[in-house]
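As structure tokens, the structure follows; a few thoughts come after it.
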Protein chains: 2
Amino acid sequence: MTSIKDVANLAGVAVGTVSRVINNSGAVKPKTRQKVEAAIQELNYFPNEVARNFKMQKSKMVALLLPSIWNPFFSELAYYIEDELDREGYKLMLCNSGGKPEKELYYLDMLRQNKVAGIVGITYNDIENNVSNDIPIVSIDRHFNKKITCVTSDNYEGGRLALRELVKAGARKPAFMGSVTSVFSETMNRREGFIHEAQALGVDYVIYEKPDPIVDNQGFINEFLHNHGDADGIFAITDMLAACYIDQASKQGIRVPEDVKVIGYDGIQDNPYFHPILSTVRQPVEEMARMTIRLLYDKIEGIPLDKQVYRIPVVFRQGETT
Amino acid sequence: MTSIKDVANLAGVAVGTVSRVINNSGAVKPKTRQKVEAAIQELNYFPNEVARNFKMQKSKMVALLLPSIWNPFFSELAYYIEDELDREGYKLMLCNSGGKPEKELYYLDMLRQNKVAGIVGITYNDIENNVSNDIPIVSIDRHFNKKITCVTSDNYEGGRLALRELVKAGARKPAFMGSVTSVFSETMNRREGFIHEAQALGVDYVIYEKPDPIVDNQGFINEFLHNHGDADGIFAITDMLAACYIDQASKQGIRVPEDVKVIGYDGIQDNPYFHPILSTVRQPVEEMARMTIRLLYDKIEGIPLDKQVYRIPVVFRQGETT
DNA sequence: CATCAAATTTGAAACGTTTCCAAATTAACT
DNA sequence: AGTTAATTTGGAAACGTTTCAAATTTGATG
């Protein structure tokens, strides 16, 4: 492989000079620059990025650690994250943890060994103590501590919004359906918003939860239908759960939205060719992704951030289920 | 950062010895090994992977170059590819090209500079000439030349299968709906299989194509409906197109499957909560992903492959649209 | 205990950059 | 032209690892 040394020889200059030409650093006489550039052309030389990373002790690689890229919400997020990273010449490394704590730690270790510039983490367990201080992290939807900045949709307002929309659509006894998430998860606030708004409006409501992650959605939903057949509105903590509910409910002859109104959360239906089109609280995925990366840039450059948690407004998107 | 030298000092041995302990290469006396391991423990040392990559002039990084991870077919593929890579300690770098030739070339250049171990490419234009020989590539669904091995579903059989299923479901005049793909694209064979099977069975058929990629699906479909209102079976080249057709057709009062039978290709509906559940030719995504990576491993290790194109059987999956 | 082969260890070179100081050249004034 | 200041260039050191030839230790054998 042709190296900077070959270029220097051919151009009749020192390696340092070639380096300065390549990086536009330091002063170089126009004539010298020309010679060097000619040599680069002739040898079809391109800098060895690996050597550079090594020398600089840092790389332009950012890792995205999430449960599964297969999940449509995450794949949309990953799309925008990669796009935003590319704008500054950063590269994206993808790590599927499956939500398993041991795999999350395994990847965290690996990323440290590989000296990535930063990490975007969507993790299931508390990684606060397993993370070295010298690698910037921004997490999505998980708030651990000062060290790890968090970007999230405004879950609390989302919960309130969902409750209001259910009531507006005619529900008299709305139910929250979801999982008991860890105290670190910001998604917990969806439930809080729901509850507080129900109380503020004086509406009767139901809370139904299962440990996270829910493995047996169907069983969970059937149990709910058995115990709370009187609920006439559902706020499901994710679109997937909402869709699953509708599927199960229809098997029992329950019609949506005639008998029960349903609202999900996420807004994963990008191409609304499939039905029912969910009424949902749409997360501003693109904005979240870009903000995450820009905050990560700040951390990489050592710029102090003014907040620990950045909440981005959500909007209600009307579908066919309310 | 603590380096191999610190470990060597603490353990009272030479750096070479530490290296041999870490890599299990060469002979090391048990007693020495113990001393070294103790030192590693005490210093909490872990090898600098970047330095290693540099010295070895290769990394365990594989790039996945595709139009958009947002596309559910690709995100499933990416999931399995990452999983298979991780089994051998390889890492995945994700590159969204948007299907734009210039972006594909830009990424290819970048990957070369970064000395990735290999590339999985799902590209829109012919990258044959823009790729150096020293970096192994396996492509999915695109067959350029000897240099680039191709993994694909058995598109030809998939086309035949779709035609047969449409006829079996009662269609008298089935239509193929898709895009005129480049000659390099293996997906072209879906059309060929469709045509040949129709001819073999003596069935009347329609071929309707638009340049790839189709930007205005709706316009394309409406044009089709206008020109070929008599077609009573549709084989759409992707599930997305099938779903879009059904959506448009229903707006014109056409019922599926009563009036028209529809079959897609891909099998993207992993969680069939949404309707209609498409009848489709399911690509064996997991198998394709794993085979792709194993072939890439062979290429990385210089093992010659016996074929240029590896075709994996498809199956028909009955949904609600036939 | 002397010898020799095998096993183990040492330490320097190399990988391709960037960076920094010193040296050399050029430019700007008297 | 001579002096000084500013600009440009040269080249070595350093980053953390692996590898390899040479040196040393070990252990068996006579």
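By convention in this document, chain letters (A, B, ...) are assigned in the order of the sequence lines, proteins followed by strands, and residues within each chain are numbered from 1.
When all heavy atoms of A:Ile268 and A:Pro72 are compared, the pair lying nearest together is CD1-CG, 4.1 Å. The minimum heavy-atom distance linking B:Leu65 with B:Ser97 is given by the pair CD1-CB, 4.0 Å.
Under the ring-ring contact (aromatic ring centres under 6.0 Å, His included) criterion, A:Tyr90 pairs with A:Tyr297, not counting sequence neighbours. For the ring-ring contact (aromatic ring centres under 6.0 Å, His included) test, no residue two or more places apart in sequence or in another chain qualifies with B:Phe74. Residues satisfying the ring-ring contact (aromatic ring centres under 6.0 Å, His included) criterion with B:Phe184, sequence neighbours excluded, are B:Phe144. Here B:Pro47 pairs with A:Gln113, B:Ile22, B:Tyr45, B:Arg52 under the side-chain contact (heavy atoms from CB on, under 4.5 Å) rule; sequence neighbours left out.
No side-chain donor-acceptor contact under 3.5 Å links A:Asn114 to the backbone of A:Arg112. Between the side chain of A:Asp141 and the main chain of A:Ile122, no donor-acceptor pair closer than 3.5 Å is present. At least one donor-acceptor pair under 3.5 Å links the side chain of A:Thr292 to the backbone N or O of A:Met288.
Contacts of A:Ser19 with the nucleic acid, taken as non-hydrogen atoms under 4.0 Å apart, include base atoms. Note on A:Asn23: only backbone sugar-phosphate atoms sit closer than 4.0 angstrom, heavy atoms only; bases stay farther off. Counting any heavy atom pair closer than 4.0 Å across all strands shown, A:Val50 reaches no nucleic acid atom.
If B:Lys29 and B:Glu49 are placed on DNA chain D by their nearest nucleotide, the residue sitting closer to the 5' end is B:Glu49. Heavy-atom distances to DNA chain C give each of B:Val28 and A:Ser25 a nearest nucleotide, and the one nearer the 5′ end belongs to B:Val28.
With rounding to whole Å, A:Lys55 atom NZ is found 8 Å from D:dA13 atom C1'. If you take CZ of A:Arg33 and P of D:dT7, they are 16 Å apart, rounded to a whole angstrom. The CD1 atom of B:Ile4 sits 12 Å away from the C1' atom of D:dT19 (whole-angstrom rounding).
An end-to-end axis angle of 40° holds for the helix from C:dC1-D:dG30 to C:dT30-D:dA1, taken from five base pairs per end and rounded to 10°.
Identified under the salt bridge (Lys or Arg N to Asp or Glu O under 4.0 Å) test for residues 293-309 of chain B, with sequence neighbours left out: B:Glu84-B:Arg294. Screening residues 5-30 of chain A for ring-ring contact (aromatic ring centres under 6.0 Å, His included) gives no qualifying pairs among residues at least two apart or on separate chains. The stretch residues 55-69 of chain A participates, sequence neighbours left out, in no side chain to side chain donor-acceptor pair (under 3.5 Å) pair at all. Within the structure, side chain to side chain donor-acceptor pair (under 3.5 Å) pairs that include any residue of residues 4-18 of chain B comprise B:Thr17-B:Arg20 (at least two apart or interchain).
Using a 4.0 Å cutoff on non-hydrogen atoms, no part of residues 109-117 of chain A comes near DNA chain D.
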Show the distances under 3.5 angstrom between N or O atoms of the protein and N or O atoms of nucleotides 10-12 of chain D.
residue: D:dG10; atom: OP2; partner: A:Ala14; partner atom: N; Å: 2.8
residue: D:dG10; atom: OP2; partner: A:Thr17; partner atom: OG1; Å: 2.9
residue: D:dG10; atom: N7; partner: A:Arg20; partner atom: NH2; Å: 3.4

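For DNA chain C, the outermost nucleotides in 5' to 3' order that have an atom under 4.0 Å from a heavy atom of chain A are C:dG16 to C:dT26.
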